Amino acid sequence: MTDKPSDPTIAIIYHSNYGHTRHVALAIAKGAQKVLGETNVRAIDIHEVDWDFVDAADMIVLGSAVYMGSVTAEFKAFMDETSQRWYHRKWEGKWAAGFANSGGLSGDKLAVLQQICLFAMQHGMYWTGLPLMPTGHSDTDLNRLSGFLGLMTQSLDAPPEETPCQGDIETAIWFGEYLADTVLKH
Ligand SMILES: Cc1cc2nc3c(=O)[nH]c(=O)nc-3n(C[C@H](O)[C@H](O)[C@H](O)COP(=O)(O)O)c2cc1C
């Protein structure tokens, strides 16, 4: 593991076609920024990756909307684009975490988190999950979908300001704070 960073940074890379996964990414960023400050945490659209920031980050958080039980084609293209970084072990020793948003309650989000985790393992990163016991299963509960490998959120067919529900967004903020604490402490 690399030395404990004094001023750690987090890159949150996401793919979102309709804005719901973006909403979740911004909530994770909000939580992490509470701990690390605004400029040390960036939510980055997969089409606008700032590779310098990402390569220098202590943690990379990856999130995708679920399409056909998988990360989206755009997200997979991003994964493949990192193959030279994989070859040169550029991300080895960084922290990694993941999130998945989809329309279904399950929606096969677990498959997406597993894909993202495996990708992080290929890069030699250290995975951290979501160690948060569900408080219940209503729209205002934390971790209501009971994901532990990473963050699971569900969006309805409505504007991103309205969905995912309050509990999912609060879970995302909690996750961001937890991730920031993790890079600070380890
Ligand atoms: C081509 C396509 C495939 C989809 N496949 C799934 C799926 O496998 N499981 C699921 O729950 N939702 C599925 N959905 C719904 C999306 O997951 C949902 O609309 C998405 O998470 C919205 O995120 P976004 O607003 O960030 O794009 C699919 C949507 C599309 C357009």
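Ligands are counted one by one from 1 in listed order, and the atoms in each one are counted from 1 as well. Predicted, not measured: the structure shown is a model, and the values here were computed from it.
Not counting sequence neighbours, the partners of E177 by the salt bridge (charged side-chain N to carboxylate O under 4.0 Å, His left out) test are K34. Annotation: salt bridge (charged side-chain N to carboxylate O under 4.0 Å, His left out) contacts of D80 (sequence neighbours excluded): K76. Listed by chain and residue number, H15 satisfy the side chain to side chain donor-acceptor pair (under 3.5 Å) test with T72 (two or more places apart in sequence, or in another chain).
Using a cutoff of 4.0 Å between basic side-chain nitrogens and carboxylate oxygens, D55 and R85 are scored as salt-bridged.
For the 3.5 Å distance criterion, the side chains of T153 and N101 qualify, holding a donor opposite an acceptor.
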_Applying ring pair (Phe, Tyr, Trp, His ring centres under 6.0 Å) to W95 and Y178, what does each step give before you reach the verdict?_
CA-CA 13 Å; W95 285 100; Y178 165 75; 9.0 Å; no
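Using a heavy-atom distance under 4.0 Å as the criterion, the protein contacts of ligand 1 are S16, N17, Y18, G19, H20, T21, A65, V66, Y67, M68, G69, N101, S102, G103, G104, G107, S155.
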